[in-house]
Each structure stands twice: as structure tokens, then as C-alpha cells.
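Below, chain A is the first sequence line, B the second, and so on; all start at residue 1.
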Amino acid sequence: MKQRIAALLQEAITNLVVAGHLPADLPTPELTRPRQEGHGDFSTNFPLMAAKAVGRAPRILAADIQGALGHSPWIERVEIAGPGFLNFFVADSALLGLIPEILAAGKHYGELPRKSTKILLEFVSANPNGPLHVGHGRGAAYGDSLGRVLACAGYEVQREYYVNDAGRQMDILALSVWLRYMEAAGTTLVFPETGYRGAYVQDIAHALREKVGDTLQRPLSDILIEAGDQDPDALTDARIARLKAALGTQYQDLHGFGLKAMLADIEDDLKAFGVHYDRWYSERALLESGAIERALDRLRAHGDLYEEGGAQWFRATHYGDEKDRVVVRENQVTTYFASDIAYHLDKYERGFDGLIDVWGADHHGYIPRVMGALTALGLKPEQLQVLLVQFAILYRGGVRAQMSTRSGDFVTLRELRAEVGNDAARFFYVLRKSEQHMDFDLDLAKSQSSENPVYYVQYAHARIMSVFRQVEERGLGRGDLAQCDFTLLNTPEESALIRTLDRYTEVIEDAAAAREPHQVAYYVRELASNVHAYYNAHAFLSAPTGLREVRLALIGAARHVLANGLGLLGVSAPETM
RNA sequence: GCGCCCGUAGCUCAAUGGAUAGAGCAACGGCCUUCUAAGCCGUUGGUUGCAGGUUCGAUUCCUGCCGGGCGUACCA
């Protein structure tokens, strides 16, 4: 409906221009949904925006346009309001065609025409050095819903998880697993502060021991050398180096075992959370393919690399970053940043029209250097959009909970899912705008889960399904759509419900454009509200024949939109509750 | 110190530069002999952190303060 009204408005303005009543150079008219109910279904502030260019008072200009609009079956009336708004009131009859349209499209209703835009969406990409925690859960829920919304809006979306399987943190995991493995074999030791202390490390160690027996045992004193005056990080690196030397080629078995176990856990966790990926992209594979060297060579050829202190630096300051960044360390090992340059180069070379990275907000300082590197490589940085997901601050018993992978003191996504359920967790996450700091009260989410707004929406869907079950049981039948007289739907509740249904495709479009799946969550809640109000105000089964069929058609349409909207959020639409 | 994000009802959060700033929860008062009361109807609740500026119009944009989060590695 919005497009129809927009077209009418544009036509009226064009006619005035052609007739010489308006200059040709005017701002583009915008049509919005007013907040205030009395302001109609659509509103434009065009007279306000164009008043200066036209040289006429806004309300006078509004009257001119109102006169040029003429009559349309879609519009009941057009009002001039406030300082010069034009408010459009859509005729109820114009909206009734929507119901059979929704029923015909069913689960595909809301899918917008395909756009020829290919988007690569990367999200979560948590290091596989521990289970996903509730902070990752937010990124997962947001990224996945965004992917679904974009796909629904017609974009071609590829979803990717970048696996950081090559860095130092994975070596620390390997060391941690090995120490627990030695413990499992009966060795007593003091577990280092810098290691990963979570219980999952012990689980991996036990599984490892079952698989390889004692073959990875080495004298502890060879590895767990004492600190001396070394700082903890240097000590950890020294221990890793010794472990690598002691295990030789077997180190890869250890490293690979820990990685595989963690990755399997993460993959399984996300899958159970309804989050799916098209590709798991390995940093190590990138390294082994020589892609990093190629990317660095390209920067070098462009004069953007230099050597200092034995390390290779990228001239990030030339591209707006606050300092230059190391890409190859003094010890000749490339940095994570070097990998990421190569990874993003690869993304560009794969021919996408748009790249979206969903990052935790703690990585925000990383954006300028990545954008800088892309510019240096001769790529268009504006093709990459980095979306930051703010931290979820956890409260347990009114006290802020710590989130540390190292100490193992964190609430895992798996625990959250088990305690509050996938549907509630996903809805809760996506109800907040991603860049908004979020307080996650675990006690509230757990103990009052039945008051979670997700049930409000699901209940609306289940209620409709229940009505349809009774229709079947009583042998009433749903009637023939072609025979229906939809003009019988004339109560305020019906009018409100139809108007909300009419907004659905606009919500998809807006949510996709703004990368804001929370808009869908708010919409679906509002739709549920309309459904509940309707349900309480009017009878379906006992309505007279004729009226009954059109009412059933209306709630049938509402049911599809509820289910489709929930689907975009990765939330189920149950038949019963 | 510098950079990024944020500050809206008691709490959790919405609001493409628009009109009287909205929901949910909590609180209070009503509604089940009828399709699921996880529901509906109503009431209460605000100097949009503070001070300026831009303009027809600011929660939104700009500047400065105040408060919170994050970052400021040859970690990822």
C-alpha cells in the first residue's frame, strides 16, 4: 500500500511541475508511517521540506498538492495538518485484498523480489579456545537473524564463520589440554594462571587420553619451567616452545585434537541454536595457502610496508589509523592482523557486492586499520560494513557476573539455552538494538521465563491454530476465499489488524536496510497484540456463516505473518502451548 | 590522556530531523457458564544526563561538560 500512495503523491507533484506551478528542482518526497493514530496511515513532510525552494508557505503548498491528488479508490481522504504535513487516510476497502494475497503466499509471504546483490555475512567467529558464552550468543542471534532478514528482503547471503585456528591462543589451549592430560595420567602440578582453567579443558584432556593413551607423556619439568623474572606471557610462550620441541610432530596431534573438539562443540551449539553457516573459513588454511604472503607482497609493492626493530610494519597512519601496525613480528611470525588483511582480500576477490562483519564491540579499535589496509590494497573500503554488537552485561543475583575465558568463570550459551530455552534466548537477544548496551539478568531470564515476551507472540500463534483445530472438529470448514465478502471486516480491531499486516513488507525492507532485526521483533509483538485484542473482542466459531469465513481468513493471514516473522528471528511458531 | 559506543518512565528497552516521546515488566482497578486468562480493557508513571548551538521543528545533527562501557599489543 505504501508504494501505491507514494506513487500517487509523486504523480501529483510531477503534474504540478509540468503545469508550471512548481519548480523542477525539488527534494524527493518521503512517505512515512506517522506515530500518532489521528495522523492517518501515511504522512509526508514534503510541503515543509519544499516550502523554501518553492517560495510558498508549507500549508499553502500542501493545499496545492492536495488539490492535484484528485480522487483515488485507495484513499479515503487527505488532510493538511500541523505546520504543513499531508496525511493520507487509506480506505479500509483498499486493504482487504491483502488477506487472500497473504493466504496464497503462505510461508513465503513477505519475501521481497530478489535483488542482484550478493552479501557475505561473517559473524560470531569466536576463537575455538573455549565454549561459546552468552556474549557470543548475542552475536549469533543477531547475525543469524540479520542473515535471514537480508535473505527475505531479496539479497543473496553467504554466511561465514572465520576460524582463528592458527594463533597463539590455540597454542595456549594446546598447552592447557596437555597439562590436564598429564594430570589425568596421575601427575600432580600447579596449573598456571595464564592457562585456560575451564572444566571443558579437562574433558578434552580425558578424551585425548582415551584416544592416544600415554604416547604424549613427557617429563613435566621439561615443559613447566619456572618463572624466574620473566613476565607471565613470555613464560607461557617459552613453555609452549618447549612443549612443541618435546612433542615434535605429535604437537600437531595435540593441537588438532583440542581444536577439533572445541570446533565441534561450537558448531553443535550454534546448530542447536538455529544458527547455520555456509562456510567455516580456516585461518590456518589461509596461512598455508600463502595468501598472507601474497597480501603482504601487494602492500609491500605499494610501499606500505617497512621494517623497524626487526618487525614488518604496515603504514596504517597513511590511511587514517592512529599508529602503524605490525604485520610480521620480530620472530618472523605473522600477526592476526596480517591474516585478517589476507582474509578480507580474499573476501573481495570472491566477488561480493557487500561485505558485512559482525564484531564484538571490544574490537572497534580494529576497524581503522582494516579499512586502511583495504584502501592500501586498492579495494573499496565502503564495501565493507562492520557492525558492532555491544556486550551483554550479565547479572546474577543482582551482581555483575564475570566473563573470562581464561578463568573458566563464564556462563556458556549452552547453559543459557538449557535454562531459558532457544526461543526465549533468541527473542531476548534480538529485542535489543545491537549497538545498545544490554543488561542480561540471568535470574530474570530463568525464573520468569514464562513472562518473556516471546511467549506472548507464540501464544497468539497457538491461539489461532487452536481455533482452526476447533473448526475442523466441528466440521465448519474455512469457506471459499473467492466467495468471501471481506467488507464484512469492519470492526476497529479488524481494521487495526489489517493495517498492521499491511506494514509487514515495509518492516522487512527497513530492517534489512538498517541491519536491524530488532525491528522485526517489535513488529511481531505488535501484531500479536492486535491478534489478542481481536480474539478477546470477537467470536470466530460462533459468528454467523459468511462473517465466520472472512474472520477465519483474517486470522489465518495473521498466523502466516506471525510464523514468518518469528522465523526470521529463529523462533518457533508452536501449534499449542 | 586520546578514540569508539551508550545515557529516554521505578526496571528492561523502542522511536528514517517531525506533530501530544512509546511498549513490556512492576504497581493499582476491572474482565473467564462461550474459540487457550502465557490473554483483554483501564489507571498511574518523563525537565529524553546537564548546558549551549544549527532550523520552521532536535531524543535524533554539532560543541562543551557529567556519568557508564570498551579500546588504546610484535594477543586474537
Side-chain angles (χ1 to χ4, degrees), chain A residues 30 32-36 38-39 43 45 48-49 51-52 57-58 81-85 87 125-127 129 164 166-170 172 233 236 283 308-313 321-323 325-337 339-340 360-368 388 390-391 393 428 431-433 435-441 444 448-460 462-471 473-474 493 510 513-514 518-519 521-522 525-526 528-529 531-543 551-552 555 576-577:
Chain A
E30 287 176 8
T32 59
R33 294 274 188 177
R35 294 180 203 158
Q36 202 74 27
H39 296 154
S43 176
N45 62 356
L48 289 161
M49 289 171 61
K52 202 167 268 183
F85 292 100
N87 294 336
S125 299
N127 292 336
N129 58 3
N164 300 126
R168 178 170 178 271
Q169 298 194 4
M170 290 311 299
I172 296 176
D233 281 336
T236 302
E283 181 189 2
E308 191 181 298
Q312 299 274 327
W313 297 72
D321 199 2
E322 37 185 48
K323 54 173 77 169
R325 308 292 176 176
V326 171
V327 286
V328 183
R329 299 185 193 104
E330 197 175 354
N331 64 7
Q332 301 314 305
V333 177
T334 54
T335 61
Y336 172 82
F337 178 44
S339 299
D340 225 8
D362 55 332
H363 286 63
H364 65 77
Y366 196 74
I367 296 173
L388 298 176
Q390 292 291 333
F391 280 8
I393 301 167
F428 194 86
L431 204 52
R432 272 95 178 141
K433 205 170 166 178
E435 66 259 36
Q436 178 71 248
H437 295 282
M438 163 179 174
D439 286 348
F440 202 123
D441 188 329
L444 189 76
Q448 301 192 5
S449 60
S450 66
E451 289 173 17
N452 189 301
V454 71
Y455 298 108
Y456 180 82
V457 181
Q458 290 184 315
Y459 183 44
R463 267 184 151 175
I464 295 172
M465 296 312 286
S466 174
V467 171
F468 288 151
R469 277 194 301 277
Q470 310 244 357
V471 169
E473 282 170 23
R474 301 186 192 186
E493 290 80 11
D510 292 348
H518 79 273
Q519 290 191 28
Y522 276 86
R525 205 167 64 171
E526 200 178 328
S529 170
V531 167
H532 285 307
Y534 186 32
Y535 185 96
N536 277 277
H538 301 285
F540 304 108
L541 300 175
S542 58
R551 286 187 169 170
L552 291 175
I555 58 172
T576 58
M577 292 194 68

Quick one: which protein N/O atoms are closer than 3.5 Å to N/O atoms of nucleotides 56-60 of chain B? Pair and distance per line, please.
from   : atom 1 : to       : atom 2 : distance (Å)
C56(B) : OP1    : Lys52(A) : NZ     : 2.8
U59(B) : O4     : Arg35(A) : NH2    : 2.6

Grab the NE2-P distance between His518(A) and G24(B) for me, whole Å please. 17 Å
Distance in Å, Phe468(A) CZ paired with Phe540(A) CZ, rounded so as to fall on 0.5 Å steps: 8.5 Å
Counting any heavy atom closer than 4.0 Å, what does Ser339(A) reach on the DNA or RNA strands: base, sugar-phosphate only, or nothing? nothing
Report which part of the nucleic acid Gly309(A) touches: base, sugar-phosphate, or nothing (heavy-atom distance under 4.0 Å, all strands). base
Let me know the distance between CH2 of Trp313(A) and C1' of C74(B), rounded to the nearest Å. 7 Å
Assess whether one donor atom and one acceptor atom, taken from the side chain of Ser43(A) and the base of A19(B), lie less than 3.5 Å apart. yes
May I ask you to test the Arg474(A)-Leu541(A) pair for a side-chain heavy-atom distance under 4.5 Å? yes
How many whole angstroms separate atom NE2 of His39(A) from atom C1' of G22(B)? 15 Å
Distance between C1' atoms of A51(B) and C66(B) (Å, rounded): 11 Å
If you look at every strand shown and take non-hydrogen atoms under 4.0 Å, does Ala537(A) touch a base, only sugar-phosphate, or nothing? nothing
Could you tell me whether the side chain of His364(A) has a donor or acceptor atom within less than 3.5 Å of a complementary atom in the base of C5(B)? no
Kindly confirm whether the side-chain ring of Tyr456(A) is stacked on the base of G39(B), judged by centres under 5.5 Å and planes under 30°. no
Mind checking if Ala539(A) touches a base, just sugar-phosphate, or nothing, with heavy atoms under 4.0 Å? base
In whole angstrom, give me the gap between the P atoms of G22(B) and U59(B). 13 Å
Listed nucleotide nearest any side-chain atom of Phe540(A), set C35(B), A76(B), G39(B): C35(B)
Listed nucleotide nearest any side-chain atom of Tyr522(A), set A73(B), C35(B), A14(B): A14(B)
Should Asp510(A) and Arg33(A) count as an ion pair when the cut-off is N to O under 4.0 Å? no
Calculate the interatomic distance between Tyr455(A) atom OH and A37(B) atom P; express it in whole Å. 19 Å
Is there a donor and acceptor pair, one atom on the side chain of His437(A) and one on the base of C70(B), closer than 3.5 Å? no
Under 4.0 Å, heavy atoms only, any strand: does Met438(A) hit a base, just the sugar-phosphate, or nothing? sugar-phosphate
Take atom P in A21(B) and the same atom in U44(B), then report the distance between them in whole Å. 15 Å
If a pair means Watson-Crick or G-U wobble with both distances below 3.5 Å, what does RNA chain B look like in dot-bracket form, with | marking bases paired to a different strand? (((((((..((((....[...)))).(((((.......))))).....(((((..]....))))))))))))....
Does any donor-acceptor pair link the side chain of Glu322(A) with the base of U72(B) at a separation under 3.5 Å? no
Round to the nearest Å and state the distance from Glu526(A) atom CD to A23(B) atom C1'. 9 Å
Interatomic distance, Leu552(A) atom CG to Ile464(A) atom CD1 [nearest 0.5 angstrom]: 10.5 Å
Within the modelled atom types, does a donor on one side and an acceptor on the other bring the side chain of Asp362(A) and the base of A76(B) under 3.5 Å apart? no
How would you label the contact of Tyr535(A) with the nucleic acid (heavy atoms, under 4.0 Å): base, sugar-phosphate, or nothing? base
For the side chain of Arg525(A), counting heavy atoms from C-beta on, which of A23(B), A19(B), U72(B) is nearest? A23(B)
With a 4.5 Å cut-off on side-chain heavy atoms, are Thr236(A) and Arg168(A) touching? yes
Rounded interatomic separation in angstrom, taking CZ from Arg474(A) and P from U34(B): 12 Å
Ring-face cation contact, Phe337(A) with Arg325(A), 6.0 Å cut, 45° max: no
Please classify the nucleic acid contact of Ala514(A) as base, sugar-phosphate, or nothing, using heavy-atom distances under 4.0 Å. nothing
A15(B) phosphate, OP1 or OP2: any side-chain N/O from Lys433(A) under 4.0 angstrom? yes
Base, sugar-phosphate, or nothing for Gln470(A), non-hydrogen atoms under 4.0 angstrom? sugar-phosphate
By nearest atom, which of the nucleotides A38(B), A76(B), C35(B) is closest to the Val467(A) side chain? C35(B)
Give Asn87(A) one of three labels, base, sugar-phosphate or nothing, depending on what nucleic acid heavy atoms sit under 4.0 Å from its own. base
Using atom P of each nucleotide, how far apart are G57(B) and U20(B) to the nearest Å? 14 Å
How many whole angstroms separate atom CD of Glu435(A) from atom P of C6(B)? 6 Å
What's the closest nucleotide to the side chain of Arg463(A) if the choices are A37(B), G18(B), A38(B)? A37(B)
With a 4.0 Å limit, can you tell me whether Gln436(A) has a side-chain N or O closer than that to the phosphate oxygens OP1/OP2 of A14(B)? yes
Taking atom C1' in both A23(B) and G46(B), compute the distance separating them and give it to the nearest angstrom. 15 Å
Selected nucleotide, minimal atom distance to Phe85(A) side chain, candidates A76(B), G18(B), C35(B): G18(B)
Using the closest heavy atom to pick a nucleotide of RNA chain B for each, name whichever of Ser542(A) or Pro34(A) lands nearer the 5' end. Pro34(A)
5'-most contact on RNA chain B (nearest-nucleotide basis), Phe428(A) vs Asn331(A), goes to Phe428(A)
Relative to its sugar, using the 90° cut-off around 0, the base of C28(B) is anti
Inter-nucleotide C1' distance (C11(B), C70(B)), Å rounded: 24 Å
Quick one: CG on Asn45(A) to CD on Glu30(A), what's the gap to the nearest 0.5 Å? 6.5 Å
Indicate, with a heavy-atom threshold strictly under 4.0 Å, whether Ala311(A) touches base, sugar-phosphate, or nothing. base
I need the CG-C1' distance between Leu431(A) and G24(B), as an integer number of Å. 8 Å
If you look at every strand shown and take non-hydrogen atoms under 4.0 Å, does Gln390(A) touch a base, only sugar-phosphate, or nothing? sugar-phosphate
